[in-house]
*Asks:* 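Okay, here's the structure, questions in a sec.
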Amino acid sequence: MAHVVVLGAGTGGMPAAYELRDALGSEHEITVINERDYFQFVPSNPWVAVGWRNRADITFDIAPYLERKNIKFIAGRCEKIDPSTNQLELAGGQTVKYDYLMITTGPKLFFEEVTGAGPQTGNTHSICTVDHAEALWQDYQKLLEKGSGHIVIGAMPFASCFGPAYEFAFIVDCDLRKRKIRHKFKMTYVSSEPYIGHLGLGGVGDSKGMLEHELRNHHIDWIVNAKTVNVEAGKLHVEGYNEDKSLKKTHEIAFDLAMMLPAFKGVDAVAAVPNLCNPRGFVFVDELHRNPTYKNIYSAGVCIAIPPVEATPVPTGAPKTGYMIESMVTSAVHNIADELAGKQPHTTGTWNTICLADFGDTGAAFVALPQLPPRNVAWFKKGKWVHLAKIAFEKYFIRKMKKGSSEPFYEKSILKMMGITRI
Ligand SMILES: Cc1cc2nc3c(=O)[nH]c(=O)nc-3n(C[C@H](O)[C@H](O)[C@H](O)COP(=O)(O)OP(=O)(O)OC[C@H]3O[C@@H](n4cnc5c(N)ncnc54)[C@H](O)[C@@H]3O)c2cc1C
């Protein structure tokens, strides 16, 4: 009997645990370790930040759902991974041995990259966790009471997840319009992307034209190639760069509320393992999602190392989105199962991407097959249906994670008909 440990129970870790249970049968032990005892549906955080959802709508206790599938759950933070003894050390001193380790720890939110940034000790908000989104909702309500002001939304250098920043800008715009007070607020989108719609992906289909058009139509100004260098209370210090990386202009942007997505890094326990990660702490994996140094360590999700799509004047990273992460997970699970069955692992993920970006009352969907260019399919479309589809997706994904099924047959069949597969 082998013991497979999944470290991190987020968008990647939960499906990984369920898929492992299906693929390995009952003779192998599976344990999931997560620093919190609850699952949070991260894509709904922008709605929490404007009060359209609350914590209870988008979180649930992990233990009962995993245990129903005969998967052990430990709520605890991993402090150290020792690949020489195949052992994890958790906060409080507990140790856990593994035969195979699947790392799905997501990002370390590295607010420290920019002095004065961040929701805890700094002056900017975030929507990356439900705690952050709740803190933003508190300050957003204070601003609504004040009745006017400047709202800055965007992404800092080394950010690699731009979709949620656009989503949040349009959602706030929509919320203010619904309250009939949009005319009292100035809004500015400030991003490290080289152009609007780059998304860390070199654009997808007509994302540049379409998102510029949307920002203009919603009276949201923008500054791109923007390196946020420092944040004081109520003031963002930003350097704007030219394409040749020369400094174009410095900006001092006074704000009443700012949500700036931070740089991502790998989490400390993972980044500290010698030869496991790149210098920013992201796990090296081969096409099988297996670490080249430690062959019994697999990894999937935001925590893996992917080079940026292209060098940009202000550093940006390539995003890892939900379906792409599920594709990584399915590949890794097949390979662990093959190894345990004494077969040669061979399954690679497609890294196909389907993304729904909500704009509050409308939205934009994109399909990129595969996510990283050059692509066979690149498609970016806007419509009210996207807003409804995103709500449906939220309910669907949370239900899937409670039922313990990573890829129900109808999901697999429908997407296959559209030419979208995970592996
Ligand atoms: C605000 C926001 C909105 C997004 N919206 C979308 C969207 O609409 N569509 C889409 O496709 N993608 C979206 N993404 C991108 C991506 O799908 C999510 O970031 C996704 O949650 C990443 O999954 P993950 O499993 O890699 O990491 P996470 O979901 O962050 O999970 C990592 C887990 O590991 C745990 N962990 C970390 N370190 C430790 C440790 N040392 N010990 C124990 N546990 C640990 C964390 O607590 C967490 O539970 C969004 C991202 C953000 C930030």
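Numbers here are sequence positions counted from 1. Just so you know, ligand 1 is whichever comes first in the structure, and atom 1 is the first atom listed for that ligand. Model, not experiment: these values are computed from the prediction.
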*Asks:* Can the ring centres of F170 and H218 be said to be less than 6.0 Å apart?
*Replies:* yes

*Asks:* Checking the side chain of K412 only, and the main-chain atoms of R422 only, is there a donor and an acceptor separated by less than 3.5 Å?
*Replies:* no

*Asks:* Give the atom numbers and elements of ligand 1 that come within less than 4.0 Å of a heavy atom of G301.
*Replies:* 26 (O)

*Asks:* Using distance alone, decide if ligand 1 has a nitrogen or oxygen within less than 3.5 Å of any nitrogen or oxygen in N34.
*Replies:* yes

*Asks:* Quick check: C303 and ligand 1, any N/O pair under 3.5 Å apart?
*Replies:* no

*Asks:* What atoms in ligand 1 come closer than 4.0 Å to a heavy atom of G76?
*Replies:* 43 (C)

*Asks:* Can you tell which part of A357 has a heavy atom less than 4.0 Å from ligand 1: side chain, backbone, both or neither?
*Replies:* neither

*Asks:* What protein heavy atom is closest to atom 51 (C) of ligand 1, reported as residue, atom name and distance in Å?
*Replies:* C161 SG, 3.6 Å

*Asks:* In terms of residue, atom name and distance, what is the protein heavy atom nearest to atom 31 (O) of ligand 1?
*Replies:* G10 CA, 3.3 Å

*Asks:* Do any N or O atoms from the side chain of H289 and from the backbone of S299 form a donor-acceptor pair under 3.5 angstrom?
*Replies:* yes

*Asks:* Where on K390 is there a heavy atom closer than 4.0 Å to ligand 1, on the side chain, on the backbone, on both, or on neither?
*Replies:* side chain

*Asks:* Is E394 salt-bridged to K390, cutoff N-O under 4.0 Å?
*Replies:* no

*Asks:* Can you tell which of T31, I297, L7 makes a side-chain contact (heavy atoms from CB on, under 4.5 Å) with Y98?
*Replies:* I297

*Asks:* Can a donor-acceptor pair be found, under 3.5 Å and without considering hydrogens, that links the side chain of N296 to the backbone of D99?
*Replies:* yes

*Asks:* At less than 4.0 angstrom from any non-hydrogen atom of T104, what atoms of ligand 1 do you find?
*Replies:* 32 (C), 33 (C), 34 (O)

*Asks:* Could you tell me whether a side-chain N or O of N335 sits under 3.5 Å from a main-chain N or O of S331, the two making a donor and an acceptor?
*Replies:* yes

*Asks:* Using a strict 4.0 Å threshold on nitrogen-to-oxygen distance, state whether K142 and D139 make a salt bridge.
*Replies:* yes

*Asks:* Considering only heavy atoms of C355, which atoms of ligand 1 have at least one such atom less than 4.0 Å away?
*Replies:* 9 (N), 10 (C), 11 (O)

*Asks:* Just to confirm my output: which protein heavy-atom neighbour is closest to atom 37 (C) of ligand 1, and how far is it?
*Replies:* T105 O, 3.2 Å

*Asks:* Report yes or no: does K320 contribute a side-chain atom to a donor-acceptor pair with the main-chain N or O of V302 at less than 3.5 Å?
*Replies:* yes

*Asks:* Do any nitrogen or oxygen atoms of G12 lie less than 3.5 angstrom from nitrogen or oxygen atoms of ligand 1?
*Replies:* yes

*Asks:* Indicate the ring-plane relationship of H132 and F111, choosing parallel, tilted or perpendicular according to the 30° and 60° boundaries.
*Replies:* perpendicular

*Asks:* Report yes if the distance between the aromatic ring centroids of F158 and F110 is under 6.0 Å, otherwise no.
*Replies:* no

*Asks:* Is it true that a side-chain atom of E193 and a backbone atom of L199 form a donor plus acceptor pair closer than 3.5 Å?
*Replies:* yes

*Asks:* For ligand 1, is there an N or O atom under 3.5 Å from any N or O atom of R36?
*Replies:* yes

*Asks:* Tell me which protein heavy atom sits closest to atom 52 (C) of ligand 1, plus the residue, atom name and distance to 0.1 Å.
*Replies:* V42 CG1, 3.4 Å

*Asks:* Which ligand 1 atoms, with their elements, are less than 4.0 angstrom from a heavy-atom of K320?
*Replies:* 15 (C), 16 (C)

*Asks:* Tell me which protein heavy atom sits closest to atom 4 (C) of ligand 1, plus the residue, atom name and distance to 0.1 Å.
*Replies:* P164 CG, 3.6 Å

*Asks:* Provide, to 0.1 Å, the distance between atom 10 (C) of ligand 1 and the closest protein heavy atom, together with that atom's residue and name.
*Replies:* G322 N, 3.4 Å

*Asks:* So which heavy atom in the protein is nearest atom 19 (O) of ligand 1, and how far is it from that ligand atom?
*Replies:* V302 CG2, 4.0 Å

*Asks:* Does a side-chain N-to-carboxylate-O contact under 4.0 Å join K400 and E326?
*Replies:* yes

*Asks:* Would you call K381 and D206 a salt bridge, using N to O less than 4.0 angstrom?
*Replies:* no

*Asks:* Please check whether E167 reaches ligand 1 - meaning an N/O of the residue sits under 3.5 Å from an N/O of the ligand, judged on distance alone.
*Replies:* no

*Asks:* Among all protein non-hydrogen atoms, which one is nearest to atom 47 (O) of ligand 1, and what is the separation to 0.1 Å?
*Replies:* E35 OE2, 2.8 Å

*Asks:* Have a look at ligand 1 and work out which part of C78, if any, has a heavy atom under 4.0 Å from it: side chain, backbone, both or neither.
*Replies:* both

*Asks:* Short N/O distance, under 3.5 Å, between T11 and ligand 1?
*Replies:* yes

*Asks:* Any salt bridge linking R290 with E339? Criterion: basic side-chain nitrogen under 4.0 Å from a carboxylate oxygen.
*Replies:* yes

*Asks:* Looking only at non-hydrogen atoms, which of A9, P107, G163 approaches atom 30 (O) of ligand 1 most closely?
*Replies:* P107

*Asks:* Any idea which part of I325 is under 4.0 Å from ligand 1, heavy-atom wise: side chain, backbone, both or neither?
*Replies:* side chain

*Asks:* Regarding ligand 1, does P43 bring an N or O atom to under 3.5 Å of one of the ligand's N or O atoms?
*Replies:* no

